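A short write-up of the structure that comes next.
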Amino acid sequence: MSEWIEIGALDEIPRLGSRIVQTRDGDIALFRTSADTIFALRDKCPHKQGPLSQGIVHGNTVTCPLHNWEIDLNSGEALPPDEGCTNTFATRVENGVVMINLAAS
Amino acid sequence: MKKDKLVLIGNGMAGVRTLEELLKLAPDKYDITVFGDEPYGNYNRILLSPVLSGEKTIEQIMLNDIDWYEQNGITLHKGKKVVRIERARRRVVAEDGTMAEYNRLLLATGSSPFIIPVPGHELEGVIGFRDIKDVDTMLAASKRYQKAVVIGGGLLGLEAANGLLQRGMDVTVVHLLDTLMERQLDKTAATMLQRSLEQRGLKFLMEAETESIQGKERVQGVRFKDGSEIDADLVVMAVGIRPNIELARECGLHCERGIVVNDTMQTFDPRIYAVGECVQHRGITYGLVAPLFEQARVCANHLAEYGIGHYEGSVTSTKLKVTGIDLFSAGDFIGDESTEEIVMQDAAAGVYKKVVLKDNKIEGAVLYGDTVDGAWYFQLLRDGTDISEMREQLMFGQGHLGNAGHGGENAAAALPDDAEVCGCNGVTKGDIVKAIVEKGLFTLDDVRAHTKASASCGSCTGLVEQILADTAGGDYSAAQNTQPLCKCTDYSHDDVRNTITQEHLTSIRSVMETLDWRTPDGCSTCRPALNYYIISAWPDEAEDDSQSRFINERVHANIQKDGTYSVVPRMWGGITSPDELRAIADVADKYNVPLVKVTGGQRIDLFGIKKEDLPAVWADFNRAGMVSGHAYGKSLRTVKTCVGSEWCRFGTQDSTGLGIKLEKMTWGSWTPHKFKIAVSGCPRNCAEATIKDFGVVCVDSGYELHIGGNGGVRVKATELLCKVATEQEAMEYCGAFMQLYREEAHYLERTAPWLERVGLAYIKENIVEDADRRKVLYERFLHSQKIAQKDPWAEIADDSEKSGNFAPIKVVNATGLTK
Ligand code: SRM
Ligand SMILES: Cc1cc2nc3c(=O)[nH]c(=O)nc-3n(C[C@H](O)[C@H](O)[C@H](O)COP(=O)(O)OP(=O)(O)OC[C@H]3O[C@@H](n4cnc5c(N)ncnc54)[C@H](O)[C@@H]3O)c2cc1C
Ligand code: SF4
Ligand code: FES
């Protein structure tokens, strides 16, 4: 299923920060990097379900606020030596508007 | 710009350490050339003993391989011995004619084993124990021959003898005196040591003076003054070392036993510096790495032209690196009429401990069989701590001090493998040791990454570091306080702080640019630290970056395991009122707060609040006159108080009143780690002031001020700073102490470890003895408080844009999450 949804303006997400999209089945975290790339991840850390949206963003990585696992924003995978993965969603920015495709990959 | 030329002679431990320190401070200042007459990169000489005994390989003890020199643009002439320094032309010449010019020259030629010039000393098979070549010679001999004689029963001799024994040789140790290691051990310990080495199979010839070495080409035996003889296929002389000073002496530098240097490690020619075993500083030459590394740091600082730092000499301690034998000694352990000694001996268990005291301070210590407390005694010795209060427990060790505090450093060695070291992540000592051994880990960061030990609350960091030191070997960690801040940089906390101050840097970006950060945005370790450092250095100008703060400080509440938050409003000095309680009850009702709890810090906590409700909760509290309690911050937390003289029949002063004043003065202040205060009305100490960062205990005649305590995993009781007569003084000392801590401690270093690091004497110098300094610190504290004391709740609740950010950006119905 390919379903692009308009989320809001890029500027509503702070640089090196995050906002969440609430869905029926849980939150999706939208991250904005220093290069203005937007990533979307299921807002649950593979470790103990910590809210990744509340972590510190650096490079293409977010550090989970609960126990400091580092998650790759691109793949949703925990960086070694930790192991685990969370769902990612395709995103794109058109004319300053953030879109996300809710088909999880 | 043309770079200056720096030439280093001697590619050993002290010289290369100086370069490492220099590259951290001023990576681009010099074109560096290194001459080393050994044909290798730089290796850890002290681990030659485990190489000899077969516990380590040469690869494992390399510190910097050839690549390192290349990566840092250093020209390495390995296997080239410098034979001449031409000071007038400022160049050095090597044996093969290689020449190099210098603007600055660094001598680090180390020392050579002393070979007793008896007849036969030049025979094949007679060697010292100093470098890889010697180890190779010994290993080759152990394969072909049987009998080894080690002349010298000191540290090095015994390590050599043990190694050769492990390699299957029949080893006799010959010693001139009647006790082994007489410079490090007293008689009792030396006898115990000798006995257990004998049990392992070493033979000893005591009080034997070598007269000659027999043999035609290769050594065949050793002959003594009393006429006796023994057979030998290998003779290792370990009777002392001689600083390598010929080169320096020949070019006219002033030398005595070593190359004479001043406190900035300069020789009599100010262009020429010297560090390591070849130098003589204030009349002393050193033969252990810890002091040499201190010299290296000072020297690098001056080469970088920072011009701060003086080397003032070192106290050293000794450990014997023979697996299975625990031995430690430090300071003056023999004593005289003016000293007293406490001795504990358990011959059956093979334990002997002796501590020499003078004026209630430790002068020296010898430990045999149980060295767990060696580091602790050494610390007490170096700090000159008054031990009168712990005298009774002193010999039972630090573990026994229990709640009386004073840390728990050397518990590591004593722990069984299944002991849990990191309570947060459930990591045992066995897990840590296994990871270190199997993965070949060297740094705390590595251990954190692979085991998660010390990766959370960090309270077990000391223990983990010690396990690392015990397992990975190398007992030179004492000299290192310069670990990089994180993996994004090679600079230490202190380097970064100094640069921020000196270069007037007010944003995280500018710090990263100035210090060439390796990562574009840093990481979750360095960003919060940098943010704190710029705020504390430049309170008026710093750009506080909220995205570089941990979530709790970003949303002014504590994140919980389920992603909700807890909210603690401030209650000055722990005093509340019916109105405040009503406001709390109203918030709890209105937002369906699942749990309301009285905290360990005498405040009230509301748990389970959703992020999007936070701004509204704050607005309600603000309306009732309540502000953020900062229960979440690396900041002033709470000021606990007891009832005090207003009500209590024992109270001597108004502890609640003073507590409230202190909290009004200090709230909102950002600190390296959390900072807690308490005021007790009398020495019964109901507010537990002696386990706080700053504690006041009221007495009839005034106020006792205590510093550097904490609860937590490693309970630490405070140290007494001083006593003052008035409330106003108590406030001033408190502000000054906090400011010193704010300006000088490393980020995430609480006052207790900071105090342990810098020493009580240093704090007293700044806060008690130097009234001007205290006033200046206090004023700087009050000034930064003018900027810091803004209720963050009000700021966000009032700002619709900021408070909007707390809600979801969008709510959607569809989702692919479940597919
Ligand atoms: C809420 C509270 C427990 C309670 O319900 O009583 C609490 C809760 C937490 N404490 Fe505490 N501590 C609380 C009082 C204490 C006390 C008692 C005190 O302050 O007198 C201590 C011992 C005193 C001390 O700090 O030395 C205490 C020693 C710790 C430590 C160990 C500190 C240390 O340096 O060893 C940690 C770990 C840390 O900070 O790294 C810690 C960490 C925490 C954290 C922040 C753990 C975390 O990172 O999530 C907990 C936050 C819970 C939350 O979301 O609110 N808490 N904690 C108390 C809040 C006090 C307040 O009103 O602000
Ligand atoms: C087996 C052994 C075990 C030890 N165990 C411990 C221990 O447990 N704890 C501890 O603290 N210390 C220990 N030490 C002592 C420690 O290794 C030394 O204190 C330290 O290595 C001295 O450093 P340095 O740089 O001054 O000298 P070195 O490391 O010896 O470096 C000097 C270098 O300069 C080179 N050199 C000299 N002259 C010239 C020249 N003219 N041209 C070019 N190159 C030259 C030498 O070849 C050498 O490589 C041990 C030493 C040995 C040998
Ligand atoms: S509140 Fe403190 S003691 Fe209790 S579980 Fe949390 S950190 Fe541990
Ligand atoms: S829940 Fe994310 S690190 Fe533990």
Side-chain angles (χ1 to χ4, degrees), chain A residues 1-3 5-9 12-28 30 32-35 42-44 47-70 79-82 87 89 98 100-105, chain B residues 424-425 435 439 446 448-452 455-458 486 488 508-509 517-528 531 545-552 554-555 557-565 611-612 801-802 804-819:
Chain A
M1 187 182 71
S2 162
E3 194 185 342
I5 298 188
E6 197 179 304
I7 297 301
E12 289 178 64
I13 308 172
R15 199 169 274 158
L16 288 179
S18 167
R19 295 286 299 275
I20 55 172
V21 178
Q22 237 168 35
T23 81
R24 249 190 300 119
D25 302 312
D27 293 348
I28 295 172
L30 288 180
R32 176 172 172 191
T33 68
S34 53
R42 177 185 165 106
D43 195 17
K44 278 191 191 310
H47 178 222
K48 293 191 176 172
Q49 279 73 58
L52 296 173
S53 55
Q54 311 299 295
I56 289 183
V57 180
H58 46 102
N60 287 347
T61 310
V62 62
T63 303
C64 175
L66 293 197
H67 317 97
N68 293 331
W69 279 33
E70 296 195 321
L79 297 191
D82 296 319
N87 308 60
F89 301 86
V98 179
I100 138 169
N101 188 328
L102 283 185
S105 48
Chain B
C424 294
N425 296 298
K439 308 238 160 76
D446 289 345
R448 275 191 188 134
H450 283 90
T451 66
K452 284 285 171 287
S456 299
C457 79
C486 71
C488 307
I508 295 180
R509 273 283 144 233
W517 233 243
R518 276 198 283 267
T519 45
D521 312 326
C523 70
S524 55
T525 302
C526 58
R527 285 234 308 275
N531 198 52
D545 174 28
S546 105
Q547 298 304 344
S548 294
R549 286 179 176 268
F550 183 65
I551 182 64
N552 289 358
R554 218 182 309 151
V555 302
N558 293 69
I559 194 164
Q560 304 295 316
K561 60 194 281 191
D562 64 355
T564 63
Y565 289 84
K611 186 178 177 188
E612 59 256 44
E801 199 180 314
K802 278 190 189 156
N805 268 344
F806 283 63
I809 186 169
K810 189 168 176 118
V811 179
V812 296
N813 263 326
T815 166
L817 276 176
T818 48
K819 289 190 191 100

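Proteins come first, then strands; the chains are lettered A, B, ... in the order of their sequence lines, and each starts at number 1. Since we're looking at a predicted model, the values are computed, not measured. Note: hydrogens, waters and symmetry copies are ignored here, and every other heavy atom, side chains too, is used.
For the pairing with A:His58, the side chain to side chain contact (heavy atoms under 4.5 Å, CB included) check across B:Ser524, B:Ser548, B:Cys488 returns one residue only, B:Ser524.
Remark: side-chain polar atoms of B:Arg527 are paired, donor with acceptor, to backbone N or O of A:Val57 under 3.5 angstrom. With B:Arg549 contributing its side chain and A:Ile56 its backbone, the two residues share no donor-acceptor pair below 3.5 Å.
B:Phe550 CZ to A:Asn68 CG: the interatomic distance, rounded to the nearest 0.5 Å, is 7.0 Å. Taking NZ of B:Lys561 as the reference point, atom NZ of A:Lys48 lies at 7.5 Å (rounded to 0.5 Å). For the atom pair CD of A:Glu12 and CG of B:Asn805, the computed distance is 8.5 Å after rounding to the nearest 0.5 Å. Rounded to the nearest 0.5 Å, atoms CG (B:Asp521) and OG1 (A:Thr61) are 9.0 Å apart.
Around NZ of B:Lys611, the count of heavy atoms belonging to other residues, nucleotides or ligands within 6.0 Å exceeds 12.
In terms of heavy-atom pairs under 4.5 Å with chain B, the best-connected choice from A:Ile7, A:Ile13, A:Thr33, A:Leu16 is A:Leu16.
In this structure, no portion of A:Asp43 lies under 4.5 Å from any heavy atom of chain B. In this structure, no portion of A:Leu79 lies under 4.5 Å from any heavy atom of chain B. When heavy atoms are compared at a cutoff of 4.5 Å, A:Val98 does not approach chain B at all.
Between B:Gln547 and A:Pro14 the shortest heavy-atom distance is NE2-CB, 3.3 Å.
Under the 4.5 Å side-chain criterion, counting only non-hydrogen atoms from C-beta, B:Ile551 is not in contact with A:Pro51. At least one side-chain heavy atom of B:Lys810 sits less than 4.5 Å from a side-chain heavy atom of A:Ile5.
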